Amino acid sequence: MKRQLKLWDAIMLVMGSMIGSGIFIVSSDMMRQLGSGYWLAIVWLLTAVATVAAAICYGELSSMYPKAGGQYTYLTEVFGKPIGFLYGWSLFTVIQTGTIAAVAVAFGKFTAYLIPQLNDAAPLFQRGEFKITWIQILAMGVILLLTYINTRGIKSGKSVQSFFTSAKIIALVLLIVGGLFLIKENHFSENMAYSWEAFQNLKGEGWMGISGGALMGALAAAMVGSVFSSVAWENVTFVSGEIVNPQRNVVRALVIGTSLVMLLYICCNYIYLSALSREEIAFATNDRVAIAAAEKMLGHTGTIAMAILVMISTFGCVNGLALSGARVFQTMAKDGLFLKQAIPNNKYDVPARSLWLQGIWASLLCLSGQYGNLLDMISFVIVIFYMITVLGVIIQRIRKPELARSYKTFLFPFTPIIYLLIGTVFCLLLIIYKPQYTWPGFILVLIGLPVYFFARGNKKND
């Protein structure tokens with residue numbers, strides 16, 4: 001593949017893939033779980049530390065294996081094809097495509113905020129609980145449009161990515177800076193006054209103090225939201241084969257991109273905590289905490305501006321996810337672990353068939369209506385694969401110290417250990433206190449095992 005993506009493009013891909021719809025809504029559920037601005041800030045800070053630590057570790061692997069496939073390639077090189085396949089399987093079935101579907105539907109829902117007729121229109125089809133709405137059709141249209149744009153060449157995809165990512169970063173900065181001057185009644189001290197005390201109010205029936213196991217479970221459940229909002233930065237590693245000087249630019253993009261996004265997230269939450277009371281954050285309409293904050297600052301004009309910002313954000317996020325994910329499935333196909341039709345590039349030198357396979361499956365997930373449930377449960381699996389990959393940095397230092405590394409993990413081994421500790425605590429808390437977030441993800445991964453052996457058997461027979 002031609003190396004056409006520069007450092008700026010790579011940073012835009014990292015930031016654009018991370019900033020979707022999560023930061024505009026998840027703090028609402030997090031507040032219902034914890035009931036304290038203090039604990040809300042702690043969870044976001046932990047997520048920020050873990051995210052940047054993991055990105056730093058991935059930088060070393062990207063300097064060792066600067067080719068398309070990214071995390072799939074790293075896992076395959078360190079742990080073998082079965083682990084690499086299970087990651088790729090999870091990526092195609094729900095991690096990448098499910099995220100594309102969820103973010104595209106978020107685009108549709110915020111469009112419906114501006115055009116109420118989309119919400120009010122009768123379903124196009126309904127049988128029992130299953131229905132097809134205009135919002136789902138709009139989401140599918142966005143996915144297929146951006147898939148088509150990306151089949152026209154990497155320049156088309158990166159142009160869309162740079163424009164929309166730049167727009168949403170500028171808008172977020174304006175929201176944060178403007179919020180500092182437009183907040184009329186500051187609730188920050190009030191929200192932080194609870195200190196280490198935690199409360200829960202999941203159904204609007206009053207706040208109940210929690211501690212011990214209940215607090216541990218609430219922390220894990222809250223972190224599912226912050227983690228979901230902070231993933232997908234690894235997408236830049238998927239397109240390493242198309243980045244100029246990947247040994248240097250991938251790690252730069254990872255560290256710069258994740259650091260800036262997490263800083264924006266923390267600042268956004270400061271604005272939420274300042275503009276809104278605890279109840280207003282926890283019970284914002286449809287969890288749209290960002291719109292509630294904008295309305296407090298600018299009235300109805302603020303809500304319109306925020307809805308447009310979320311539409312820009314989600315549109316750019318879908319583009320980044322679509323652009324990068326297809327490269328993994330093409331690499332898997334070359335290894336005989338995915339449909340061989342995904343291998344060739346088109347005349348624009350991009351994997352068009354892989355893009356369409358990804359786009360069609362993501363569109364079907366939009367129709368299923370199940371992507372939201374799947375993503376709630378898959379955050380656990382995403383973190384597990386992050387942990388395995390970070391562990392790979394330590395293993396390769398021991399196993400292959402002579403392998404060329406243009407970049408070495410900053411503060412090794414403390415950086416990977418920090419991520420592994422935070423990830424382990426998060427996963428253990430989910431397993432113990434919130435098993436409904438874990439076992440579906442395990443089952444999904446395990447289903448990939450017979451698929452892997454079937455694929456390997458077919459390759460041997462060819």
Side-chain angles (χ1 to χ4, degrees), residues 17 20-21 68-72 84-108 125 130 132-133 135-151 157 228 231-232 234-235 238-239 314-315 317-346 350-379 381-382 385 440-441 443-448 450-452 454-455:
S17 298
S21 58
Q71 188 170 353
Y72 162 77
F85 174 82
L86 290 179
Y87 171 71
W89 160 263
S90 302
L91 197 73
F92 182 78
T93 53
V94 72
I95 292 176
Q96 196 79 357
T97 51
T99 305
I100 289 171
V103 176
V105 171
F107 174 90
F125 174 83
F130 176 78
I132 299 174
T133 67
I135 290 175
Q136 290 169 300
I137 297 299
L138 177 59
M140 292 175 65
V142 167
I143 292 170
L144 296 176
L145 170 64
L146 288 171
T147 297
Y148 171 76
I149 289 172
N150 277 283
T151 63
F228 172 67
V231 297
E234 74 281 5
N235 275 243
F238 301 164
V239 295
T314 49
F315 193 86
C317 183
V318 171
N319 182 72
L321 295 170
L323 183 156
S324 53
R327 273 64 178 177
V328 178
F329 312 131
Q330 182 189 45
T331 304
M332 291 177 67
K334 291 176 180 177
D335 292 342
L337 298 176
F338 195 71
L339 299 173
K340 62 183 180 181
Q341 289 83 358
I343 294 175
N345 282 352
N346 64 6
V350 293
R353 292 179 182 176
S354 183
L355 280 160
W356 282 116
L357 286 168
Q358 172 186 256
I360 290 168
W361 179 243
S363 298
L364 292 175
L365 286 178
C366 286
L367 291 179
S368 75
Q370 297 303 307
Y371 50 83
N373 295 332
L374 289 169
L375 287 171
D376 282 342
M377 299 162 185
I378 212 66
S379 293
V381 174
I382 293 173
F385 279 118
I443 291 173
L444 177 69
V445 174
L446 291 176
I447 289 173
V451 177
Y452 169 76
F454 176 77

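These numbers come from a predicted model, not from an experiment.
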Margin query: Quick check for you: to the nearest 0.5 Å, what is the distance between Leu444 atom CG and Ile95 atom CD1?
Written below: 8.0 Å
Next item on the list: Please examine the side chains of Phe454 and Val451, heavy atoms only from C-beta on, and report whether any two atoms are closer than 4.5 Å.
Entry: no
Item checked: Between CZ on residue Phe238 and CG on residue Leu323, distance to nearest 0.5 Å -> 11.5 Å
Margin query: If you compare all heavy atoms of Ile100 against all heavy atoms of Ala362, which two are closest, and at what distance to 0.1 Å?
Written below: CG2-CB, 3.8 Å
Check: How long is the span from the CG atom in Leu138 to the CD1 atom in Ile135, to the nearest 0.5 Å?
Finding: 8.0 Å
Margin query: Using the side chain to side chain contact (heavy atoms under 4.5 Å, CB included) criterion, which residues pair with Leu86? Sequence neighbours excluded.
Written below: Phe385, Val445, Leu449
Check: How far does OH of Tyr452 sit from CH2 of Trp89, to the nearest 0.5 angstrom?
Finding: 14.5 Å
Check: Partners of Ser363 by side chain to side chain contact (heavy atoms under 4.5 Å, CB included), sequence neighbours excluded?
Finding: Met140, Ile143, Leu144
Margin query: Whether the side chain of Gln136 engages the backbone of Cys366 through a donor-acceptor N/O pair (distance < 3.5 Å, no angle test) should be reported.
Written below: yes
Notebook entry, point to check: Which value, rounded to the nearest 0.5 Å, describes the distance between Asn319 atom CG and Asn150 atom CG?
Noted result: 5.0 Å
Check: Roughly how far, to the nearest 0.5 Å, is the OG1 atom of Thr99 from the CG atom of Leu365?
Finding: 10.0 Å
Next item on the list: For side-chain hydrogen bond (donor to acceptor under 3.5 Å, both in side chains), just list the numbers for Ser17 and Asn235, CA-CA rounded to whole Å, side-chain angles, deciding distance to a tenth of an Å, and then say yes or no.
Entry: CA-CA 7 Å; Ser17 298; Asn235 275 243; 4.6 Å; no
Name each donor-acceptor pair under 3.5 Å that joins a side chain in residues 350-359 to protein atoms two or more places apart or in another chain, with its distance.
unit_1: Ser354; atom_1: OG; unit_2: Ala326; atom_2: O; d: 2.7
unit_1: Gln358; atom_1: OE1; unit_2: Ala326; atom_2: N; d: 3.3
unit_1: Gln358; atom_1: NE2; unit_2: Ala322; atom_2: O; d: 3.0

Next item on the list: Could you tell me whether a side-chain N or O of Gln330 sits under 3.5 Å from a main-chain N or O of Val328, the two making a donor and an acceptor?
Entry: no
Next item on the list: For a ring pair (Phe, Tyr, Trp, His ring centres under 6.0 Å) with Phe329, tell me which candidate from Phe92, Tyr72, Trp361 qualifies.
Entry: Phe92
